[in-house]
Amino acid sequence: MTGIVALYIFMLAAFTGYEVIARVPVILHTPLMSGSNFVHGIVLVGAMVALGNAHTPLEKTIGFLGVLLAAGNAMGGYVVTERMLEMFKSSRAGRPRPGAH
Amino acid sequence: MSAAPAASLLGTDTLIQASYFVTAVLFIVGLKRMSSPVTARSGILWAGAGMLVATLVTFAYPGMSNYPLIGAAIVLGAALAWWTGKRVAMTNMPQMIALYNGMGGGAAAAIAAVELYRGGTEGYGAATLAVVGGLIGAVSFSGSAIAFGKLQGLIKRSFRFRGQQALNILLLAAALLHAVLLAGHFNDSPHVVTGLFVFALILGVSMTLPIGGADMPVVISLYNALTGLAVGLDGFVMHNAAMIVAGTVVGAAGTLLTQLMAKAMNRSLGNVLFSGFGDTGAGPVGSVTGSLKPIEASDVGVMLAFAQKVIVVPGYGMAVAQAQHKIWELCQLLIDRGVTVRFAIHPVAGRMPGHMNVLLAEAGVPYDLIADLDEINAEFETADVALIIGANDVVNPVARTEKSSPIYGMPILNADRARNVIVIKRGQGAGFSGIENALFYLDNTRMLYGDAQKAGAELIQAVKAAG
């Protein structure tokens with residue numbers, strides 16, 4: 001990947017992120033923040049490669065912590081986002097009983 | 001990327017790159033679907049599938065070792081997060097997002113640290129990206145940890161002292177000095193790498209400590225965007241397209257989301273970061289005239305039962321009392337009687353924008369009965385009853401009129417324009433900001449004192465009794 005191509009990817013990805021979120025209603029701000037929090041859990045693949053190439057005890061320790069934290073980011077982000085979005089229902093889809101949860 | 005000469009490795013490499021491409025597409029489609037309530041649920045499934053593909057295929061990455069360590073770290077981190085994520089109450093969701101986000105920032109910093117200690121960043125470009133990614137990731141890590149501690153109630157007070165901004169600038173300068181030494185390859189020694197991360201971690205702590213609890217959602221959102229950016233920068237260092245795309249998309253989306261939140265709270269980002277309104281609330285008590293007029297639940301029940309239109313204004317007080325289920329039960333009774341019921345949500349109801357919607361959704365309230373400020377404000381004039389439950393500052397008309405008030409200029413819900421206003425409130429104290437609420441003293445306002453859950457139960461009985 002040459003530098004200028006990488007720069008193009010960066011620019012296009014930035015606009016994509018902006019456009020995808022641009023018209024989101026306030027009711028989804030919290031779940032969406034949580035969802036984007038999950039998406040940067042992709043740091044896990046980088047942490048895996050970093051630990052996979054670590055040699056000294058120091059590198060291995062930091063790499064281990066990196067993978068541990070990244071896995072927590074990805075899994076935690078997924079679980080809480082899924083829990084929140086699961087509850088969003090329209091009244092047309094049948095009204096759930098009160099207190100049922 | 002190391003050019004693997006073996007033909008078999010080239011095949012693996014193509015598979016990995018193709019999988020990362022699919023992951024990037026799944027992430028973007030998933031986020032797009034998450035931005036509409038109708039498709040939001042499927043959005044997280046799409047993104048989750050992308051994450052699974054990327055994680056599995058990375059085990060086939062050429063030239064890796066330490067597989068037992070990798071496996072153990074993934075299992076341990078994922079299990080801990082799964083366990084905490086399943087257990088957390090919906091009211092505590094904001095701080096959990098902060099916690100998981102901080103973990104991502106820490107991981108981004110760790111990647112940069114391994115690369116820098118290993119001397120794996122040749123050339124000025126890669127070194128600069130690693131240094132900046134590591135710096136941002138470390139600030140996001142320690143800053144998010146403080147944000148978590150504050151919202152969770154582990155850190156009770158805000159630490160402010162003279163010269164705090166100067167200290168932050170000094171810390172930033174020290175971190176940047178180490179960054180320049182590393183990026184320019186003037187001094188690559190491990191001590192300099194350590195120094196960079198130490199100063200960055202302290203900076204994250206000292207930046208976040210003075211910020212008040214009310215502003216914390218904006219800060220969490222900002223750190224979310226920063227973590228995304230750090231991940232994107234690390235992606236350039238690792239030549240990993242999935243990380244570049246996902247990190248940058250989140251960086252941009254998170255920045256926009258931060259601006260939207262700050263706007264919804266009537267605050268600018270600079271204001272949040274560099275001033276301390278968030279939880280001071282020592283504003284002057286407005287000169288409010290009139291008296292508080294109490295009312296009995298049975299009278300409110302009759303009023304609600306024979307109304308045409310009722311608008312419910314829930315606040316964080318309702319969520320604290322866990323009254324949303326009772327209130328929804330009450331509203332269903334009213335709907336069955338033919339009353340039009342709407343829920344009016346102020347952007348800062350709950351602890352972050354959209355949080356109240358999550359809490360109502362948990363109780364089973366369909367989202368199409370819920371309206372935000374712009375949609376509902378004109379409707380209050382045609383409402384027979386505005387039912388205020390545990391909300392205070394967001395319905396205080398002082399925000400429209402009194403220039404000296406700290407909440408002056410904040411957009412409010414026009415509950416005072418409804419024909420009757422019923423306020424369910426625990427006691428006679430002032431609101432979160434300590435400001436007296438003029439709404440409570442209006443001629444058309446009645447106060448129903450009591451715990452929101454108990455009041456809800458009484459109102460249900462009263463509406464049933466109304467026949």
Side-chain angles (χ1 to χ4, degrees), chain A residues 1 6 9-10 13-14 16-18 20-21 24 26-30 32-37 39-52 54 59 62-82 84-85 87-91 96 98-99, chain B residues 27 31-32 34-35 37 40-41 44 48 54 58 64 66 69-70 73-74 77-78 81-82 85 96-97 100-101 103-104 106-108 110-111 113-114 221 224 227-228 231 234 238 242-243 245-246 248-250 252-253 256 325 328-329 347 352-355 357-358 361-362 364 366-368 372:
Chain A
M1 208 176 335
I9 296 179
F10 184 76
T16 306
Y18 197 87
V20 162
I21 304 290
V24 60
V26 175
I27 73 161
L28 282 172
H29 276 187
T30 296
L32 195 64
M33 185 161 122
S34 180
S36 60
N37 176 33
V39 164
H40 67 53
I42 191 68
V43 72
L44 176 59
V45 302
M48 286 168 72
V49 174
L51 177 55
E59 291 166 19
I62 298 173
F64 183 84
L65 283 176
V67 175
L68 184 91
L69 291 171
N73 178 190
M75 181 55 91
Y78 183 85
V79 169
V80 297
T81 310
E82 211 265 334
M84 277 192 270
L85 290 178
M87 301 179 312
F88 278 83
K89 293 185 182 80
S90 162
S91 58
Chain B
F27 278 168
L31 275 178
K32 181 70 201 165
M34 271 187 253
S35 62
R41 257 196 94 183
I44 185 66
T58 303
M64 296 223 303
N66 299 332
L69 274 180
I70 295 175
I74 290 178
W82 188 83
M96 287 317 279
I97 298 175
Y100 298 136
N101 174 56
M103 292 171 95
I111 292 173
V114 170
S221 181
N224 186 38
T227 303
V231 171
D234 278 352
M238 313 284 291
M243 283 171 73
V245 172
T248 311
V249 165
V250 173
L256 179 61
H325 297 280
W328 173 228
E329 200 181 330
M352 62 168 64
H355 190 204
N357 304 78
V358 173
E362 186 189 18
Y367 62 77
D368 46 357
D372 63 27

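Below, read A as the first sequence line, B as the second, and so on, with proteins coming before strands; counting in each chain starts at 1.
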Most heavy-atom pairs under 4.5 angstrom with chain A, which of [options]?
options: B:Ala40, B:Gly77, B:Ala242; value: B:Gly77
options: B:Ala73, B:Gly85, B:Ala108, B:Gly228; value: B:Ala73
options: B:Ser221, B:Gly48, B:Ala78, B:Ala252; value: B:Ala78
options: B:Met243, B:Met64, B:Met103; value: B:Met103
options: B:Ala361, B:Ala110, B:Ala54; value: B:Ala361

Taking all heavy atoms of A:Ile42 and all of B:Ala246, pick out the closest pair and write down the distance. CG2-CB, 3.6 Å

Return the minimal non-hydrogen interatomic distance between B:Ile111 and A:Gly46, and the atom names on each side. CD1-C, 3.5 Å

Starting at OG of A:Ser34, measure out to CG of A:Leu28 and round the result to the nearest 0.5 Å. 11.5 Å

Rounded to the nearest 0.5 Å, how far does OG1 of A:Thr81 lie from CZ of B:Arg41? 13.0 Å

Below 4.5 Å from any heavy atom of chain B, which atoms of A:Ile62 appear? Answer side chain, backbone, both or neither. both

Side chain, backbone, both or neither: which part of A:Val79 has a non-hydrogen atom closer than 4.5 Å to chain B? side chain

Evaluate the side-chain proximity of B:Asn224 to A:His40: yes if any heavy-atom separation is below 4.5 Å, no if none is. yes

